[in-house]
Amino acid sequence: MKIVRTLALVAAFLIPAAPALAIPRPGDAAPPLALTSADGKPVALASLRGKPVYVNFFATWCGPCRVETPSIVALSKKYASRGLHVVGVDVGENAAKALGFVHDFNVPYTLAVDPDNATRGR
């Protein structure tokens with residue numbers, strides 16, 4: 001039994017970490033992301049490959065998320081003419097909540113919804 005535990009421990013250190021747990025480095029491709037926008041349109045990061053993209057994961061109930069949103073809106077407006085695409089991902093909530101957030105903060109960028117937390121761990 002001791003040998004089995006030792007082998008398991010050794011294997012844990014020799015097997016590379018899963019890609020989802022790897023720390024991203026500049027130039028790495030983003031993990032696949034395909035969701036639906038708050039207004040029902042498909043949103044896929046793959047369609048933006050090669051373009052500058054800012055992705056923000058948030059929830060409408062999150063205080064710090066609400067505080068940072070005006071800055072993200074300003075960033076989006078300032079750099080949209082230079083090709084920046086901002087994508088907000090409302091995690092764990094439905095489209096109605098996301099649309100309320102769009103209205104409350106006058107969000108000009110794409111807001112995708114992830115009601116089932118499918119993006120968690122990517």
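Hydrogens, waters and symmetry mates play no part in the numbers below; they use all other heavy atoms, side chains included. Numbering of residues begins at 1 and proceeds along the displayed sequence.
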- [ ] Report whether Val91 and Val53 are members of the same hydrophobic cluster (ILVMFWY, side-chain heavy atoms less than 4.5 Å apart, transitive linking).
- [x] yes
Task: Atom of Gly83, atom of Pro52 and distance for their closest heavy-atom approach - done: O-CG, 3.5 Å
Task: Residue list, salt bridge (Lys or Arg N to Asp or Glu O under 4.0 Å) with Lys51, at least two apart or on another chain - done: none
TODO: Please list, chain by chain and in numerical order, all residues satisfying ring-ring contact (aromatic ring centres under 6.0 Å, His included) with Phe57, sequence neighbours excluded.
DONE: none
Task: Listed once per pair and sorted, the side chain to side chain donor-acceptor pair (under 3.5 Å) pairs that draw on residues 82-99, sequence neighbours left out - done: Thr60-Glu93
- [ ] Provide the closest heavy-atom pair for Phe58 versus Gly88 in the form atom of the first, atom of the second, distance.
- [x] CE2-C, 3.9 Å
Pairs under 3.5 angstrom only: tabulate donor-acceptor contacts from the side chains of residues 28-35 to other protein residues two or more places apart or in another chain.
| unit_1 | atom_1 | unit_2 | atom_2 | d |
| --- | --- | --- | --- | --- |
| Asp28 | OD2 | Arg25 | N | 2.8 |

Task: Val86 vs Asn56, side-chain contact (heavy atoms from CB on, under 4.5 Å): CA-CA, chis, key distance, verdict - done: CA-CA 8 Å; Val86 176; Asn56 178 255; 5.7 Å; no
Open item on the list: Once rounded to the nearest 0.5 Å, what's the spacing between atom CG of Leu99 and atom CG of Asp104?
Closed with: 11.0 Å
TODO: Taking side chain to side chain contact (heavy atoms under 4.5 Å, CB included) as the test, write out the residues that go with Leu75, two or more places apart.
DONE: Tyr54, Tyr79, Leu84
Open item on the list: Ignoring hydrogens, what is the shortest heavy-atom contact between Val113 and Ala98? Give both atom names and the distance.
Closed with: CG1-CB, 3.5 Å
Open item on the list: For residues 35-44, which residue pairs pass the salt bridge (Lys or Arg N to Asp or Glu O under 4.0 Å) check, not counting sequence neighbours?
Closed with: Asp39-Lys41
- [ ] For Ala38 and Ala95, work out which heavy atoms get closest and say how close.
- [x] O-CB, 3.5 Å
- [ ] Can you sort out the partners of Val43 under side chain to side chain contact (heavy atoms under 4.5 Å, CB included), two or more places apart, ordered by chain and number?
- [x] Ser37, Val87, Thr110, Ala112
Task: Residues forming a side chain to side chain contact (heavy atoms under 4.5 Å, CB included) with Thr69, sequence neighbours excluded - done: Val73, Phe101, Phe105, Val107, Tyr109
